[in-house]
Each structure stands twice: as C-alpha cells, then as structure tokens.
Amino acid sequence: MRDREYNPTDIERKWYDFWMDEHYFHADENDDVKPPYAIVIPPPNVTGVLHMGHALNNTLQDIMIRYKRMDGFNALWMPGTDHAGIATQNVVEKALAAKGTSRHDLGREAFIDEVWRWREKHGDLIINQLKRLGASCDWERIRFTMDEGLSNAVRKVFVTLYQEGLIFRSDYIVNWCPRCHSAISDLEVEHEEESGFLWHIRYPFAEGEGEIVVATTRPETMLGDTCIAVNPTDERYTSVVGKEVILPILNRKIPIIADPVVDKEFGTGAVKITPAHDLNDYELGLRHGLDVIVIMDESGIMNENAGPYQGMDRFACRTKMEEDLQEQGYLIDKTPYTVPVGKCYRCKTVIEPYLSKQWFVNTKPLAEEAIRAVKEGRTRIVPKQWEKTYYEWMYNIRDWCISRQIWWGHRIPAWYCEGCGEVIVSEEDPASCPHCESGTLRQETDVLDTWFSSGLWPFSTMGWPEQTRTLEKFYPTNVLITGFDILFFWVARMMMMGLKFMNEVPFHDVYLHALVRDEQGQKMSKSKGNIVDPIIEMDKYGADAFRFALTAFAAMGRDVRISDKRIQGYRFFINKIWNAGKFVLANIEGFDPRSVSPAEADFSLADAWILTELNKTVEAVRTALEEYRFNDAADRLYQFTWHQFCDWYIELSKPLLNTGAAPVTRWVLWHVLKSVLELLHPVIPFVTEEIWQHLPGREGKSIVTAAYPKVDADLDFPEKAREMGYIIDIITGVRSIRGETNIPPSTQLDVVLRMKSKEIEAAVDIYGFFVRDLARVRSIGFIPEGAPRPKRCALAVTAEAEVYVPLEGVIDIDKEKERLSKQMGKMEKELEGKRKKLSNPGFLQKANPEVVAEQRQIKEELEFKLERLLKARELLEG
RNA sequence: GGGCGGGUAGCUCAGUUGGGAGAGCGUCGGCCUUACAAGCCGAAGGUCACAGGUUCAAUCCCUGUUCCGCCUACCA
C-alpha cells in the first residue's frame with residue numbers, strides 16, 4: 001500500500017483466486033436461514049469472446065449479486081454457456097475448411113465429436129474472461145445447454161408439448177437461409193430496405209388478343225407462378241377473371257383469379273402468385289387450391305422446374321430473365337423501387353421464403369399466460385416502457401419454427417417408421433414402432449432452435465425435470481438482467497416456458513439495459529473498426545475502472561456510449577480511492593477502532609458532517625440499487641468519495657489529527673473509509689478488497705462477506721452538519737476571492753467575519769482552525785452585526801456570514817468592484833423572479849405553504865447578500 | 001404502415017412525485033498546500049429543438065411541428 005499509483009493486474013488475480021479458494025460465490029441450497037436471492041446469467045455463446053455487451057451485462061448482474069450477498073442474502077448467480085447451434089457450427093465448419101475438409105466429409109457423428117472437442121478447447125475462454133471481469137458466479141454450478149441434464153429437460157419439454165398438440169410438423173413457408181442451409185425463425189431475420197426495381201411484365205391471354213400486366217420486385221419467381229390474382233371489386237379486371245394467361249418463357253397456362261387481399265392501388269392491380277416462394281402467395285394458394293411449384297434448391301440454385309434457368313443462382317437468374325423478357329418483348333417497364341429485404345442475422349445472406357416441412361410451436365396459448373403474468377405484476381419489466389413492446393409482440397405472436405437443418409444442437413426426439421410411416425415422439429429412443437412393431441426407425445435429422453433450450457434456462461439449470469432442492473429454494477429467480485435486444489428471443493420464451501412447466505414466472509423482475517455503442521452512438525462492429533475490446537481496456541486501466549465506467553454510463557433506457565477515453569477517466573477515480581486509502585491507513589497505524597465508542601464520542605463539526613453525509617449516501621445508493629438505477633448509485637458514490645470525503649473531510653481531518661480530538665478523528669476516518677469501500681465493493685470489487693484487507697478492526701476474512709452499510713441513526717447529526725456547512729461556505733468564500741483576485745496561495749490572509757447569529761459565530765470561532773488551514777488564513781477577526789464594515793476589503797457573502805478580506809496592497813480595487821458588480825447582476829436577475837413570484841396572489845393562495853416559505857427564504861437570502869455586496873462596493877468607492 | 005426513445009454547457013450525458021438548471025471531460029486562470037500533478041483551488045459557458053395549451057408556476061404534464069435513432073410489419 002505504499003505505491004504512488006494503484007496497480008491492478010496482480011491485485012486482481014490475487015483476490016479473485018482468494019475468493020474462489022474460499023468458495024464465497026457458492027450458494028448453499030440447504031441454507032434455510034438467509035433469504036434466497038437468485039439470478040441466472042444470460043448464457044454467452046460457448047465459442048464466443050467477451051464483448052462490451054457481455055461486460056456491461058455481467059457487471060450489472062455482479063453488482064446486484066454482490067450487493068445482496070453482502071446484505072445478508074443467500075445469493076446465487078447461476079452461470080453457464082449456450083451451444084449456439086448455427087453460430088458454433090459455422091465456426092467449426094470454417095476451421096474444417098481451413099484444414100481442407102468439411103462436415104460432409106466427416107459425417108454427422110464425427111462432426112459432432114469435432115464440435116465437442118472444439119468446445120473442450122475453446123469453451124473456457126469466455127468463462128475466464130468473465131472471471132477477469134470479477135464476476136462472482138457460482139462456478140461450481142456451471143451449466144451448458146448441451147449438458148445431459150439440460151438435454152433431458154429439452155426432450156421432456158418437446159415431448160410434452162407435442163403430446164398436448166402444441167408442437168406440430170407441417171409444410172409451410174419459412175425463412176430459409178441458403179447459406180446456412182436451414183430454416184430460421186421470424187426473429188432471426190433482419191429486415192432492411194434496399195434499392196431495387198419494380199418490373200412490369202405482360203402475361204398474354206391464352207385465348208384471344210390482349211394481356212394482363214403485373215408488377216413484381218422478384219421477376220425470377222415467375223417461374224413458379226401458378227396464377228394471377230386481382231381484386232374482385234376491380235372493374236378493370238372483372239371481365240378477365242377466370243380466363244387463362246400464358247406464363248412467359250415457360251409458356252405454361254395459368255388462371256386469373258379474384259381475391260380480396262390484392263391491393264387495387266398497387267402497381268397495375270394485378271399480382272403474380274408464387275405459392276412456393278412467398279408467404280402471402282402461399283396462403284392465397286391454399287384458399288384457391290393452387291399448385292405449388294418450388295423453383296430452387298436449398299442453396300438458392302434454380303432447379304428442374306426453372307426450365308432453361310436450371311443450375312443458375314437465384315440472382316443470376318434474375319438478371320438473365322430480365323434480359324430474356326426484354327428480348328422477347330414481355331418487359332414493359334422497370335422503375336427504381338425500394339424493396340424490403342430479409343437477411344439472415346447470422347450470415348447476412350438474403351433469406352428465401354421457402355416451402356418446406358418444419359416443426360413449429362403453437363405459441364398463442366403459451367403467450368396468453370405470459371401476457372397475464374406481466375399484466376398481473378407477477379413479473380415486472382424495468383424500465384416500464386418495454387412492457388408495451390412485450391405485449392405488442394406477444395399479442396401478435398406467430399407460430400415458432402423450431403427445427404433447424406443443421407447438426408449441432410438438440411436432435412429432435414422424433415422417429416419415422418419405415419414400415420407404416422408413423423411418427424413417434426418420445427423421451428426415450430424407441431426400439432421399434434409401437435404401431436406396426438417395425439424395427440426400422442429413422443430419427444428426425446433436424447435439431448432444435450438454440451432458443452428452445454435457452455427458454456428453459458432458469459429451471460433447467462437448477463436440475464429440472466428433477467425436483468431439486470435448488471429449484472425449490474431459488475426458483476423463481478429475483479431478477480433477469482439482459483439487453484433489450486433479446487426481449488423476444490429469450491425473455492419472452494423463458495416466460496412462456498417457465499409458466500408452462502413450472503407454473504410460475506421465471507423471474508420477478510426483468511431489467512433490460514441498453515446496448516453498448518461507441519462514442520458517436522454507432523453500433524460497434526468489426527467492419528467499422530470501432531470495437532472497444534473489454535480485455536484490452538482491463539489490461540490498460542484495470543477491471544475496476546472498466547466496471548465503474550460501464551456502471552456510470554448505464555442510465556436506464558439509454559444507449560451506453562463508451563470509449564477508451566471515458567474508461568481512462570474512471571481510472572483516476574480508482575487511483576483517488578487508492579490514495580485516500582493510503583492516507584487513512586497511514587494515519588491510523590496502530591489505532592484500534594474499538595478503543596473509541598461512537599456512542600460516547602465527542603464528534604467535531606467535521607466528523608458530524610461527514611457521518612451525516614455518509615448516511616445520506618448509504619440511503620441513496622441502496623435505493624438506487626433496489627431500483628436498478630445503476631448510474632445513480634455510481635454517481636452518488638463518486639460524488640461522496642471524491643468531493644465530500646477526499647476533498648473536504650480528509651483535508652479537515654488534518655488539523656484535527658494534531659489535537660486531542662485525534663482518536664475520534666481516526667475513528668471517523670476509519671469508519672468512513674470502511675463504509676465507502678463496502679458501498680463501492682459491488683461495483684469495484686478488487687481495489688476495495690485490497691484496501692479493506694489492510695484495515696484494522698474489520699470483521700470477517702473478506703469484504704465479499706462484509707455487511708453492506710446501513711443508515712445509522714445514531715450517527716446522524718443534521719444540526720451540526722448544517723453548522724459545518726456554514727464553515728465550508730466561509731472557506732469557499734475566501735478561496736473564491738483568492739482565486740478571482742489572483743492572490744497567490746503563499747500569501748496568508750487576514751479575514752474579518754460578520755456573522756448573522758451569535759451561535760454560529762461561536763461555532764466558527766471554535767472551529768476557526770478549519771478556515772485557517774483550508775483557506776490559508778493567518779487570522780480571523782469577528783465584528784458584531786451593525787458595526788461598521790472594514791474598508792478596502794474584498795467581500796464574499798454566504799447565507800450566514802459576510803467574509804471580508806482586506807486587500808490593501810494586494811489587489812486592484814477596480815477589479816474587485818467589477819467582480820462584485822458581476823455577482824450582483826446575477827443575483828438581481830434571480831431576485832427579480834422571486835419578487836414577482838411572491839407578489840403574485842395566485843401563488844400565495846394556491847401554492848403549497850412550504851413552497852411559499854421556501855421561496856420567501858430564498859428571496860430574503862438574496863436580498864441579504866445583495867445588500868451587503870452593494871455596501872461593500874460603496875465602501876470601495878470611498 | 002405501426003410502435004418506442006431522444007433533441008439540456010464546446011463534447012458525452014444526468015435531472016422520478018412541476019417551485020432557485022447539474023456532472024464528467026474539454027476550456028481559461030492560479031498552485032509541487034507533507035494521500036493523490038492520474039492531483040489541488042478558482043472561473044467562464046445554457047432563450048433546457050420549435051409552436052401552442054394546462055397551471056399561481058413548465059426542462060418536467062398535454063397537443064402539434066420538426067430533426068435524429070431504434071424496434072416491428074406478409075404493401076406484390
């Protein structure tokens with residue numbers, strides 16, 4: 001503790017190891033004394049690396065868990081990772097490609113083994129990064145979504161929902177990613193607007209002259225057209241409904257039909273219908289019993305139904321078709337048009353609406369429960385504005401496509417009987433078909449959406465479907481802390497699954513924090529090169545500074561804008577704490593805090609003031625944490641630590657330490673430092689532990705298990721604190737005069753005070769050494785109220801005092817006059833407002849009497865100050 | 001198309017029951033005052049986007065306008 005600056009690296013490692021060795025983060029499910037408090041971690045991808053979003057998310061969780069742990073709760077933070085089906089498969093496939101092989105070369109089983117090996121090798125990375133951040137997870141309980149226990153939970157849930165008819169298999173238009181070769185859910189599609197074209201194409205009548213013109217943004221899909229649709233009320237077309245047209249190029253005959261969904265205003269009012277490649281078209285096709293023609297394969301390559309275009313990529317096909325249509329005279333017009341394009345959120349490939357057989361969850365009935373739980377307040381969404389978003393989505397929820405055509409994930413527990421075609425869905429692998437007893441069963445090759453298993457996370461991690469002690473004790477959890485971007489993906493699904501299988505909400509509170517962006521508010525991305533890497537930041541400034549920066553910027557419902565520079569700023573704060581610690585420790589060496597009894601101690605005004613301010617801070621910080629106002633908590637702690645404790649109290653303690661009051665002062669220094677460290681510990685765990693360990697009279701082996709400070713009514717002295725405030729005002733007044741009139745600090749000043757009241761004069765007199773020390777004053781004189789003012793003085797007026805600083809030979813009189821005039825100008829403006837307000841009968845009549853009194857007091861104070869300043873200026877004239 | 005959030009000091013942002021506009025950084029001036037120059041002391045800087053309304057009183061509540069973000073959507 002002698003170092004001039006705080007060096008985080010070694011200290012962080014040392015204490016984290018210590019905490020782990022002591023098992024402080026382990027929650028005991030058999031502890032029936034402490035009330036439980038539980039959080040489940042949003043599981044990061046097992047192949048992932050820590051990014052700023054993780055850092056923010058886990059810092060906030062760690063703050064809550066550490067706070068509650070200190071505050072006497074049996075605190076469980078359940079950690080784990082997610083198998084991240086598509087993402088992980090992509091990563092491993094890339095690695096295979098680098099080795100010149102592929103998953104198809106390996107085959108399914110060998111590939112899955114390969115992924116597990118990958119996970120063995122790289123899966124600890126993000127866990128270790130979380131530890132580096134200081135996350136106090138109960139690592140003894142770490143889970144992985146592909147673990148045996150969690151896989152059992154997945155099977156049980158799948159089978160149950162299937163048996164209840166809530167999971168079904170069906171042909172449907174899904175979002176198909178031609179690169180991932182898989183269906184993805186609606187949520188996994190990113191919508192963007194792109195500039196494209198609207199093509200107008202003629203379809204000639206099969207019989208007789210004439211034609212119908214349609215408008216389309218995707219001409220290549222006409223290869224799969226099975227009709228033209230018009231609105232039944234559209235008079236332009238009533239005569240042609242029922243007729244047939246010739247599909248250009250392929251020369252198939254297709255009918256013209258009428259359907260009310262067609263918008264008369266759009267394009268020509270006639271639309272081509274491609275049921276296999278558009279959701280609307282598919283549904284329309286069902287209504288009219290239309291043929292369905294799939295025109296491309298799983299990679300987006302045109303198939304045998306595409307005639308001359310077979311083998312072409314879908315976009316190449318579009319270009320070629322346009323040429324052909326043009327050449328053959330079918331293309332009438334091509335105009336620029338903004339088209340909505342869906343892209344795969346994993347690989348940004350343009351999604352193809354694609355007809356295929358998939359597994360779905362009928363989410364409507366589950367959503368109803370999830371809506372009710374929030375309506376009834378069983379789960380509270382914070383900040384509240386997200387409730388509306390949640391309801392909006394839940395009310396309009398659509399069937400959830402849960403099957404994925406990849407290999408890495410929970411394989412769907414369904415088997416098809418080769419004998420009779422029966423579908424068997426079962427928790428145990430069946431040996432034979434229960435229907436026809438055939439032994440040739442083929443398991444479904446699809447795996448489940450990763451979010452299917454994540455949806456079970458709050459209870460599957462606690463051992464479900466077993467009825468464990470852990471579940472009993474810690475479910476429902478207290479709060480889920482996560483980014484708003486996965487409100488639908490994850491939170492909503494946990495709500496549905498938790499209510500369905502546990503009959504209880506998974507968490508009482510959901511705190512949704514904002515996303516981390518760069519300084520300019522841009523999303524961080526590799527391509528933009530604006531990534532701030534948490535590990536690099538921690539290397540440079542330490543985990544504590546990094547955590548404090550994140551917390552201080554985590555205002556509710558706002559983006560968290562962060563940059564290297566801002567994190568750097570908070571390192572100064574950590575260093576300030578370090579130095580305050582050094583000062584206090586140096587001054588309480590050999591001191592036993594038990595030698596002072598706070599109940600009998602004779603506290604100085606400064607002691608009383610800092611203790612009272614400490615109480616206010618404790619209260620404010622606790623409230624802020626309870627309400628998830630993390631930035632408020634950080635701000636209060638910053639202000640108190642730096643600007644009250646360090647700037648004022650430590651300075652005030654210096655003169656006291658040379659007097660008979662030294663023992664009490666030492667006790668206060670010790671007590672306030674200890675409290676500050678404990679208050680700050682959830683936010684900055686490392687530096688607080690390091691200093692705390694050097695404190696005498698600490699209870700317990702670690703700050704991790706120390707009691708979180710409470711408001712102490714016995715150490716609350718509002719009266720004395722107020723008096724101290726007057727002294728602080730005087731010191732500030734003298735300093736201000738010195739600063740503004742450029743009197744060097746080396747010049748000792750003589751100060752004359754004229755106090756409003758005798759009592760305060762007495763207090764100031766007793767504690768005059770504070771003023772002498774902190775304002776560099778040689779002598780303090782008092783003159784009574786009514787006595788003539790000293791001449792040729794600079795003046796500062798506070799609420800209770802006039803502070804005269806003689807400036808004979810020290811200062812430019814004109815400058816001082818100017819200074820006073822400026823101050824007066826400001827005050828006059830303010831006073832004008834007050835006078836107006838107080839002469840308004842409406843205000844006096846209707847406003848709260850307390851407010852009126854307050855306003856009157858402010859007015860009088862202003863008048864007092866102004867009058868004194870005026871007199872002072874007059875004296876300078878003469 | 002629907003929804004949400006935002007426009008406050010040069011920059012980034014606080015401002016929770018409507019009642020004298022705040023912080024950090026930056027800027028300017030002065031300081032090695034025995035924990036800290038990664039520091040200390042002082043100072044400057046704002047018609048709280050715009051226009052109405054409610055109220056004794058509006059940065060705060062309501063309406064409209066405008067600009068910027070985000071989410072959502074089956075308008076070919």
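The chains referred to below are lettered A, B, ... by the order of the sequence lines, with proteins before strands, and numbering in each begins at 1. Everything numeric in this text was worked out from a predicted model, so none of it was measured.
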Hey, does [X] reach any base, or is it just sugar-phosphate, or nothing, if we go heavy atoms under 4.0 Å?
X	answer
A/Arg571	base
A/Leu487	nothing
A/Asp647	sugar-phosphate
A/Lys834	sugar-phosphate

- Query: When the nearest nucleotide of RNA chain B is assigned to A/Arg776 and to A/Gly739 on a heavy-atom basis, which residue is associated with the more 5' position?
  - Reply: A/Arg776
- Which stems, defined as runs of 3 or more consecutive Watson-Crick or G-U wobble pairs with both pairing distances under 3.5 Å, involve RNA chain B? B:1-7 with B:66-72, B:10-13 with B:22-25, B:27-31 with B:39-43, B:49-53 with B:61-65
Could you pull out the protein-nucleic contacts involving nucleotides 22-26 of chain B (nitrogen or oxygen on both sides, under 3.5 Å)?
unit_1 : atom_1 : unit_2   : atom_2 : d
B/G24  : OP1    : A/His643 : NE2    : 3.4

Please list, for nucleotides 52-61 of chain B, all pairs of protein and nucleotide N/O atoms separated by less than 3.5 Å.
unit_1 : atom_1 : unit_2   : atom_2 : d
B/C56  : OP1    : A/Lys846 : NZ     : 2.0
B/C56  : O2'    : A/Asn840 : ND2    : 2.5

Tabulate atom names and distances for all N/O pairs under 3.5 angstrom spanning the protein and nucleotides 45-49 of chain B.
none

- Within residues 645-655 of chain A or reaching into it, pairs that qualify as side-chain hydrogen bond (donor to acceptor under 3.5 Å, both in side chains) - sequence neighbours excluded: A/Asp607-A/Tyr649, A/His643-A/Asp647, A/Glu651-A/Lys654
- Within the structure, does a side-chain N or O atom of A/Ser746 lie under 4.0 Å from either OP1 or OP2 of B/U33? no
Polar atom pairs (N or O), protein with nucleotides 1-4 of chain B, under 3.5 Å:
unit_1 : atom_1 : unit_2   : atom_2 : d
B/C4   : OP1    : A/Lys388 : NZ     : 2.7

- Query: Does the pair A/Glu830/A/Lys865 count as a salt bridge with the N-to-O cut at 4.0 Å?
  - Reply: no
